[in-house]
There are 2 protein chains.
Amino acid sequence: MQRMTRQRTALADLLDGTPDFRSAQQLHQMLKDAGQNVGLATVYRTVQAMAEAGDVDVLRIEDGEALYRRCARGHHHHLVCRECGKTVELAGEAVERWASRIAHEHDFVDVDHTAELVGTCRECATRIYGGGTGA
Amino acid sequence: MQRMTRQRTALADLLDGTPDFRSAQQLHQMLKDAGQNVGLATVYRTVQAMAEAGDVDVLRIEDGEALYRRCARGHHHHLVCRECGKTVELAGEAVERWASRIAHEHDFVDVDHTAELVGTCRECATRIYGGGTGA
DNA sequence: CATGTCATGACAATCATTCTCAACAATGAT
DNA sequence: ATCATTGTTGAGAATGATTGTCATGACATG
Ligand SMILES: [Zn+2]
Ligand SMILES: [Zn+2]
Ligand SMILES: [Zn+2]
Ligand SMILES: [Zn+2]
């Protein structure tokens, strides 16, 4: 009941070759640039379906906009560079333990959690703040 | 340079008496219901200024909408009931250690983090799934 | 009270996301 | 291959939260 269309294939391929989180609008534009015209509504629908199926991860930036990225299946978290978008997937057992301990302590059930790290990677830090030669 | 106006006082008082996270639109309506008319734009401006000043916390729900809540000053996280909105503030030293360890391991600097827990509190779980008398 | 600013609010404008629905196309059967 | 079935697409409208505009209003101080 999930048909394989030109549009879905194109989007899946694009995501496979895109290491960083991208918005639906960006993906739509990237497809257009690549000569693969796919309607914006279709990009939204497809990327959301993929998110529900666990095929992509969703990240919300500060203003609430949703970004998508092809990720390893299964629960994990991210460390993202705020400058270049470089993303590291984190297994983070420590967070899992923390979450379940807190849930227990406060008598909550069905506790989900989100945890994301945003920083500046070595390359970007060097480029911005300068090399090791001092000021 | 921060003048004390009727509107800001009203909003501050309202937040003082509101234990759960609320949207700007909700706060605007609550003020109207209380006979305190405050423009929607003013609510947005004020609540954002308070957030920048660290006087309220911001939480983004699944669809990206921003919710605000008067919280203790300083960095902390939350455990929120998805049914009734009951909120517990968490000191969460475990998360702080995890975040800084990961930052180190991956050679990132200036790493910020977000971590939020959403679950169902005891009262709501009992109401929804039934009491302790079995199925 | 006068006066200088900052603050307010009604409304327009943005902008991401969702909805609508007629035209289309993937799939499976004939 | 042809066809019928039914999920899919896309252009544009609609939604809804948030932001911008700017003339008017109201703190705070002398
Ligand atoms: Zn970087
Ligand atoms: Zn986790
Ligand atoms: Zn509850
Ligand atoms: Zn923390």
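Here is how names work: the chains are called A, B, and so on, in the same order as the sequence lines, proteins then strands, and each is numbered from 1.
Rounded to whole Å, the distance from CG on A/Leu11 to C1' on D/dT9 is 13 Å. For B/Arg60 and D/dT18, the CZ to C1' distance is 9 Å, given to the nearest whole Å. When the C1' atom of D/dG10 is taken as reference, atom CD of A/Gln36 falls 15 Å away, rounded to whole Å. Rounded to whole Å, the distance from CD on A/Glu65 to C1' on C/dT14 is 13 Å. In this structure, CG of A/Leu27 is placed 17 Å from C1' of D/dG10, rounded to the nearest angstrom. As a whole-Å value, the separation of B/Gln25 CD from D/dG16 C1' is 8 Å. Across the protein-nucleic acid pair, B/Leu40 atom CG and C/dT14 atom P stand 18 Å apart, rounded to whole Å. The CD atom of B/Glu62 sits 16 Å away from the C1' atom of C/dA16 (whole-angstrom rounding).
Taking side-chain N and O atoms only, A/Arg45 has no distance below 4.0 Å to OP1 or OP2 of D/dG10. A/Gln48 has a side-chain polar atom (N or O) that falls below the 4.0 Å cut-off from OP1 or OP2 of C/dT18. Taking 4.0 angstrom as the limit, B/Tyr44 places none of its side-chain polar atoms (N or O) nearer than this to OP1 or OP2 of D/dT19.
Across all strands, A/Asp63 comes closer than 4.0 Å to no nucleic acid atom at all (heavy-atom distances). Counting any heavy atom pair closer than 4.0 Å across all strands shown, A/Gln26 reaches no nucleic acid atom.
The residues B/Glu83 and B/Arg127 are annotated as not salt-bridged, no charged nitrogen and carboxylate oxygen being separated by less than 4.0 angstrom. Electrostatic pairing of B/Asp57 and B/Arg70 does not count as a salt bridge here, judged by no charged N lying under 4.0 Å from a carboxylate O.
Closest of all the heavy-atom pairs between A/Ala10 and A/Gln36 is CB-OE1, 3.9 Å.
For the pair B/His77 and B/His75, the minimum side-chain heavy-atom distance is below 4.5 Å.
Take B/Ala99 and apply the side chain to side chain contact (heavy atoms under 4.5 Å, CB included) test, not counting sequence neighbours, and it matches A/Leu117, B/His113.
Map A/Tyr68 and B/Gly39 each onto its nearest nucleotide of DNA chain C; the residue landing nearer the 5' end is B/Gly39. Mapping B/Ala66 and A/Val38 onto DNA chain D by nearest heavy atom places A/Val38 at the nucleotide closer to the 5' end.
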Kindly give the atom pairs (protein nitrogen or oxygen, nucleotide nitrogen or oxygen) under 3.5 Å for nucleotides 25-30 of chain D.
from	atom 1	to	atom 2	distance (Å)
D/dC27	O2	B/Arg3	NH1	3.4

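Here the side chain of A/Arg82 pairs a donor or acceptor atom with the backbone of B/Asp110 at under 3.5 angstrom.
For A/Ala41, the listed nucleotide lying nearest its side chain is D/dG12; candidates were D/dT18, C/dT17, D/dG12.
Counting non-hydrogen atoms of other residues, nucleotides and ligands closer than 6.0 Å to CD of A/Glu62 gives a total of 12 or fewer.
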